[in-house]
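Residue numbers start from 1 in every chain, and the chains themselves are labelled A, B, ... in the order their sequence lines are given, proteins ahead of strands.
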2 protein chains.
Amino acid sequence: MSPAATALPPGPITVDDHQNCPATGVLRRVGDKWSVVILSVLARGAHGFNELDRTVEGLSRRMLTRTLRGLEEEGLISRTVHPSVPPRVDYALTELGRSFLEPVTALGLWAVTHRPDLDAARTHFDGATRGDVRL
Amino acid sequence: MSPAATALPPGPITVDDHQNCPATGVLRRVGDKWSVVILSVLARGAHGFNELDRTVEGLSRRMLTRTLRGLEEEGLISRTVHPSVPPRVDYALTELGRSFLEPVTALGLWAVTHRPDLDAARTHFDGATRGDVRL
DNA sequence: CAGTATCCATGCCGATACTG
DNA sequence: CAGTATCGGCATGGATACTG
């Protein structure tokens, strides 16, 4: 897809367009189940692995590892190993991660603000499809 | 998850927290493969079904239908049937859809702006893991 | 034109068990 | 403490064929 939704070029949107667009990857990361949650927790301060695991209920160690790797790969969080006994690894937001949280938070605020509209729309849709109207 | 990432309450984040949070659903919609693309196309004006299908390369009719239904259900787009021959159905952004595009566009702009950082991070990560350093 | 129906490959994600 | 390995269920999404 094109970078800025409001500034789309004319003509067809090719597969390459949104495969190459940096926004596509970012959007998908935002859409995955745990990234934003983990980022939000880390916004309150650095945390260890099991600490994160316990803080976020329902998050398995497997997905925690995978998500942390992904976020680290994109430079949104840092991973610091303290070679002690017991071993300690700290995860923290990077500067990039903090800046990323701004537009994400804006999106979250939009959702909260427009919750009534979203609910109303769903209710109306259900009402319309219940009788197979689809007009 | 909590509405505003920067205003998380203390204590563990329960499953209910992000199952009930309106942001979770919105985030997942943003993350799916075609929603934002379709929304972006519709930002340029109303379009018919096959028109959309042809405009967005790689998009199958099946996914187009599913995505349009989802967006309609959330009130982001409208669906208008013109009972003519041949039949014509117009999809267009609603007011809610237009307002939704603002934070999404902000996210897209963030991605474009920080592309160099994202690329640099990935390169650095690859370099670090290539030799199994993980320090 | 505007869909629906069916099948199938892939990937996300959780549960569980094991390791340094 | 901080992971990895393996398995399996379920959802996402593509290909193809058919319908009003």
Side-chain angles (χ1 to χ4, degrees), chain A residues 1 15 18-19 24-25 27-38 41-42 46-73 77-92 129 132-135, chain B residues 1 14-15 18-19 24-25 27-38 41-42 46-73 77-92 128-129 132-135:
Chain A
M1 75 167 241
V15 267
H18 53 86
Q19 231 94 51
T24 301
L27 255 27
R28 284 195 92 89
R29 160 102 19 242
V30 164
D32 80 18
K33 197 168 181 178
W34 300 112
S35 287
V36 174
V37 180
I38 292 176
V41 171
L42 291 180
H47 284 278
F49 185 86
N50 281 358
E51 205 177 349
L52 283 170
D53 195 24
R54 266 177 279 107
T55 303
V56 184
E57 191 176 303
L59 171 57
S60 65
R61 286 200 293 281
R62 173 184 144 82
M63 284 316 293
L64 179 53
T65 305
R66 290 172 65 94
T67 307
L68 288 171
R69 289 288 173 279
L71 295 172
E72 187 195 356
E73 187 172 349
I77 65 173
S78 63
R79 177 178 180 273
T80 317
V81 179
H82 304 283
S84 55
V85 187
R88 162 100 190 173
V89 179
D90 268 337
Y91 292 95
T129 50
D132 284 343
V133 184
R134 307 291 310 139
L135 70 155
Chain B
M1 77 168 239
T14 68
V15 267
H18 52 86
Q19 230 92 51
T24 302
L27 256 27
R28 284 193 91 90
R29 165 121 344 262
V30 164
D32 80 16
K33 198 168 182 179
W34 300 111
S35 286
V36 174
V37 179
I38 291 176
V41 171
L42 291 180
H47 285 278
F49 185 88
N50 281 358
E51 205 176 348
L52 283 170
D53 195 25
R54 265 178 278 106
T55 303
V56 184
E57 190 176 305
L59 171 56
S60 64
R61 285 199 295 282
R62 172 184 144 83
M63 284 316 294
L64 178 54
T65 305
R66 292 171 63 95
T67 307
L68 287 172
R69 289 291 173 276
L71 294 173
E72 187 195 356
E73 187 171 349
I77 63 172
S78 63
R79 177 177 180 275
T80 317
V81 179
H82 304 282
S84 54
V85 189
R88 163 99 189 173
V89 178
D90 268 337
Y91 293 94
T129 50
D132 284 345
V133 185
R134 306 294 306 142
L135 73 153

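Between B:L52 and B:V41, the shortest heavy-atom contact is CD2-CG1, 3.8 Å.
Residue B:M63 contributes atom CE, which lies 16 Å from atom P of C:dA5 at whole-angstrom precision. The nearest whole Å value for the distance from the CG atom in A:N50 to the P atom in D:dG3 is 9 Å. Between the C1' atom of C:dG3 and the CZ atom of B:R54 lies a distance of 14 Å, rounded to the nearest Å. The CZ-C1' distance, from A:F49 to D:dA2, rounds to 6 Å in whole Å. Rounded to whole Å, atom P of D:dT16 lies 14 Å from atom CG of B:D53. Distance B:I38 CD1 to D:dG13 P: 11 Å, rounded to the nearest Å. Atom C1' of nucleotide C:dC12 and atom CG of A:L59 are separated by 14 Å, given to the nearest angstrom. As a whole-Å value, the separation of B:D32 CG from C:dG11 C1' is 15 Å.
Annotation: side-chain hydrogen bond (donor to acceptor under 3.5 Å, both in side chains) contacts of A:S35 (sequence neighbours excluded): A:R29, A:D32. Evaluation of the side-chain hydrogen bond (donor to acceptor under 3.5 Å, both in side chains) rule for B:D90 yields B:H82, B:R88 as partners, not counting sequence neighbours.
Proximity of residues 64-71 of chain B to DNA chain C (heavy atom under 4.0 angstrom from any strand atom) is restricted to B:T65, B:R69.
Of the listed nucleotides (C:dA2, D:dG14, C:dG14), C:dA2 has the atom at the smallest distance from the side chain of B:V89.
One end of the helix from C:dC1-D:dG20 to C:dG20-D:dC1 points its axis 40° away from the other end's axis, with each axis taken from 5 pairs and the angle rounded to 10°.
Taking NE2 of A:H47 as the reference point, atom CD1 of A:I38 lies at 11.5 Å (rounded to 0.5 Å). Rounded to the nearest 0.5 angstrom, B:L68 CG and B:L42 CG are separated by 7.5 Å.
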Please output the side-chain donor-acceptor pairs of residues 55-67 of chain A that fall under 3.5 Å, not counting sequence neighbours, one pair per line with the distance.
from: A:T55; atom 1: OG1; to: A:E51; atom 2: O; distance (Å): 2.6
from: A:S60; atom 1: OG; to: A:M63; atom 2: N; distance (Å): 3.3
from: A:T65; atom 1: OG1; to: A:R61; atom 2: O; distance (Å): 2.9
from: A:T67; atom 1: OG1; to: A:M63; atom 2: O; distance (Å): 2.7

>> Generate the contact string for nucleotides 15-20 of chain C. Rules: B means base contact, S means sugar-phosphate contact only, - means no protein heavy atom under 4.0 Å.
In response: B-BB-B
> For B:V89 and B:F49, what are the C-alpha separation, side-chain angles and deciding distance, and is it a side-chain contact (heavy atoms from CB on, under 4.5 Å)?
Replying inline: CA-CA 7 Å; B:V89 178; B:F49 185 88; 5.6 Å; no
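The shortest distance between the side-chain N/O atoms of B:Y91 and the OP1/OP2 oxygens of C:dG3 is below 4.0 Å. Here A:R79 reaches the OP1 or OP2 of D:dG3: one of its side-chain N or O atoms lies under 4.0 Å away.
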